[in-house]
Amino acid sequence: MAARLLVLLALLAVTLADDVMQFGDADFDSKVGSYDTVLVMFYAPWCGHCKRLKPEFEKAASSLKLNDPPVILAKVDCTEDGKDTCGKYGVSGYPTLKIFKGGDLSTDYNGPREANGIVKYMRSQVGPASKELTSIEVAEAFLAAPDVSVVYFGEDSKLKEAFLKAADKLRETVRFAHSVKAEVNEKYGHNNVVVLFRPKHMENKFEPASVVYEGSIDKSAIEAFVKEHFHGLVGHRTQDTATDFVNPLVVAYFNVDYVKNVKGTNYWRNRILKVAQNFKEFNFAVANKDDFQHELNEFGLDFVPGDKPVICARNAKSQKFVMKEEFSMDTFEAFLNKLKSDELEPYLKSEAVPVQDGPVTIAVGKNFDEVVTNSDKDVLIEFYAPWCGHCKKLAPTYDELGEAMKNEDVDIVKMDATANDVPSSFNVRGFPTLYWKPKGGEPVVFNGGRELDEFIKYIAREATNELKGWDRKGNAKKTEL
């Protein structure tokens with residue numbers, strides 16, 4: 001039995017791989033020109049990012065070849081028989097993805113890099129933004145897809161015009177269709193309306209399976225309606241849709257799988273829905289715990305055993321909270337009530353508070369408010385990573401600056417941003433990132449030079465109180481004997 005399963009899995013892998021076409025220098029132009037739309041991955045066999053993308057690319061290829069119209073996914077090996085083609089199209093890194101239409105380069109691909117995201121993005125690149133439902137059979141097939149569908153039913157009208165404009169704006173993430181056929185409109189019981197349909201696997205008894213738009217004849221209002229209702233009361237949060245869900249957000253992490261285990265996934269989702277319906281002040285989602293292990297790490301959870309959901313939340317201030325009790329509807333409801341009434345202790349990733357024995361003050365999550373946010377001095381803070389080469393290069397200069405400012409009304413501070421939570425008012429996207437925080441004021445990004453004299457000139461100019469050792473221009477003051 002096990003051997004048979006391995007054979008079947010191997011055959012499936014080969015089938016998926018076969019759905020991605022291989023192009024080379026000799027046939028690239030002829031093959032890419034024989035299809036309306038082709039997404040080409042330029043790769044190198046040794047490239048780690050290419051290896052990670054490969055299975056997602058293959059899954060997407062299997063779905064997109066059945067699209068109407070079909071979209072072809074192809075690959076070119078830049079190290080072997082595709083060197084000239086890669087050079088022709090300026091490929092300088094791997095993987096590079098480009099979209100070709102009618103044989104010509106259309107644009108670089110800048111969409112998601114997981115299967116569902118690739119499928120949605122590429123579907124949006126072909127055909128009209130809204131599919132015309134020309135018969136009941138076509139309508140049924142369209143609405144049978146495992147995605148949210150938004151449909152206009154009715155004759156030509158101002159509402160239809162606004163709908164089509166909204167469809168064009170949201171085509172990269174949402175499926176749209178329209179029907180002017182009386183039999184289709186009668187079948188679904190709608191006329192001159194826009195309706196959002198939830199996919200079958202997301203239907204539940206706690207919210208309607210479809211939502212009728214009742215707003216004004218306005219493109220922006222229709223867009224807002226679609227975004228508001230797209231994910232429903234408890235949405236399926238994937239890597240592709242993660243940014244759709246905003247704080248305050250409550251996420252249930254477990255073995256979410258709407259491909260292989262719909263029933264098991266909805267067993268837990270329905271319990272979450274039953275409680276969530278009474279807490280409209282929060283946004284809710286379910287997410288696969290393996291896909292979001294990096295997020296769970298941010299909540300101090302390195303491993304999530306068992307099948308039951310683990311609940312994590314962020315409030316409107318982006319503070320983090322973890323439900324410590326084992327999941328049940330009762331414990332979940334109690335957690336939400338405490339979260340709502342601000343009775344929970346936020347989770348804070350932090351190293352131990354250190355003994356301060358050097359010229360630069362060490363900040364960690366637990367003492368950040370004390371040494372930075374609520375400090376009675378001006379503060380220059382560096383957010384660094386231990387592995388960062390630029391941070392290591394800056395370190396001796398930063399220590400010199402700390403020594404220079406030790407008798408001033410200024411603290412020089414640093415924090416390991418990989419081991420401690422960074423407050424939301426400090427936007428750290430790379431290392432090192434430096435901020436100037438005047439006492440009693442808001443932090444601003446430090447964009448000055450990083451030599452010692454440049455640091456001193458900046459601080460001398462920006463300090464709340466004039467420095468004792470330098471004037472406002474950064475010139476050293478004369479010391480009286």
Side-chain angles (χ1 to χ4, degrees), residues 12-129 145-147 168-175 238-244 259 291 294 429:
L12 176 60
V14 170
T15 301
L16 290 174
D18 285 347
D19 290 331
V20 178
M21 303 185 71
Q22 182 82 46
F23 294 171
D25 290 335
D27 60 8
F28 184 87
D29 289 339
S30 61
K31 283 188 174 179
V32 82
S34 62
Y35 301 102
D36 289 335
T37 304
V38 185
L39 174 62
V40 179
M41 174 174 70
F42 298 92
Y43 74 100
W46 46 258
C47 161
H49 292 297
C50 303
K51 292 176 182 177
R52 284 192 287 274
L53 177 60
K54 183 174 180 283
E56 300 298 320
F57 203 67
E58 291 169 351
K59 290 177 193 174
S62 300
S63 295
L64 286 167
K65 74 173 185 179
L66 302 175
N67 192 65
D68 181 20
V71 177
I72 302 302
L73 270 60
K75 58 185 178 180
V76 175
D77 184 346
C78 294
T79 68
E80 291 293 337
D81 60 350
K83 290 181 179 179
D84 292 343
T85 302
C86 295
K88 177 181 177 181
Y89 291 104
V91 176
S92 58
Y94 310 115
T96 292
L97 284 78
K98 294 179 182 288
I99 300 170
F100 291 79
K101 292 188 176 183
D104 295 324
L105 175 62
S106 173
T107 183
D108 288 341
Y109 173 88
N110 294 310
R113 300 214 170 185
E114 51 87 25
N116 289 336
I118 294 170
V119 170
K120 284 184 179 180
Y121 188 94
M122 290 309 299
R123 278 177 178 166
S124 75
Q125 302 298 311
V126 296
D147 295 298
D168 190 61
K169 181 71 178 294
L170 299 177
R171 64 183 292 163
E172 291 187 2
T173 54
V174 185
R175 301 172 74 246
T238 66
Q239 292 177 339
D240 182 35
T241 64
T243 56
D244 292 353
V259 176
D291 290 345
H294 62 288
R429 293 189 176 182

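Excluded from the calculations below are hydrogen atoms, water molecules and symmetry mates; all remaining heavy atoms, backbone and side chain alike, are included.
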**Complete:** Closest non-hydrogen contact found for Gly127 with Arg171 is O-NH2, 2.8 Å
**Request:** Please identify each residue that fulfils side-chain hydrogen bond (donor to acceptor under 3.5 Å, both in side chains) with Asp168, with sequence neighbours left out.
**Result:** none
Under 3.5 Å donor-acceptor pairs involving side-chain atoms of residues 78-92, not counting sequence neighbours:
residue	atom	partner	partner atom	Å
Thr79	OG1	Asp77	OD1	2.7
Thr85	OG1	Asp25	OD1	2.7

**Asked** About how many Å separate NZ of Lys59 and CG of Leu73, when rounded to the nearest 0.5 Å?
**Response** 14.0 Å
**Asked** Between Pro95 and Lys75, is any pair of side-chain heavy atoms under 4.5 Å apart?
**Response** no
**Asked** How would you list all residue pairs meeting side-chain hydrogen bond (donor to acceptor under 3.5 Å, both in side chains) that involve residues 100-110, not counting sequence neighbours?
**Response** Lys98-Asp108
**Asked** So, the side chain of Glu58 versus the backbone of Asp19: is there a donor-acceptor pair under 3.5 Å, distance only?
**Response** no
**Request:** Sequence neighbours left out, what passes side-chain contact (heavy atoms from CB on, under 4.5 Å) with Ala242? Give chain and number order.
**Result:** Arg237, Phe292
**Asked** Shortest non-hydrogen contact from Ala61 to Val20?
**Response** CB-CG2, 3.6 Å
Exercise answer: donor-acceptor pairs, residues 30-51 side-chain atoms, under 3.5 Å, sequence neighbours excluded:
residue	atom	partner	partner atom	Å
Ser30	OG	Asp27	O	3.0
Lys31	NZ	Asp27	OD2	3.1
Ser34	OG	Lys31	O	2.7
His49	ND1	Arg52	NH2	2.8

For a quick test of your reading: what N or O donor-acceptor pairs under 3.5 Å do the side chains of residues 114-125 make, sequence neighbours left out?
residue	atom	partner	partner atom	Å
Glu114	OE1	Asn116	N	3.2
Glu114	OE2	Gly117	N	3.0
Arg123	NE	Asn67	OD1	3.3
Ser124	OG	Tyr121	O	2.5

**Complete:** OG1 (Thr173) and CG (Asp244) are apart, to the nearest 0.5 Å, by 7.0 Å
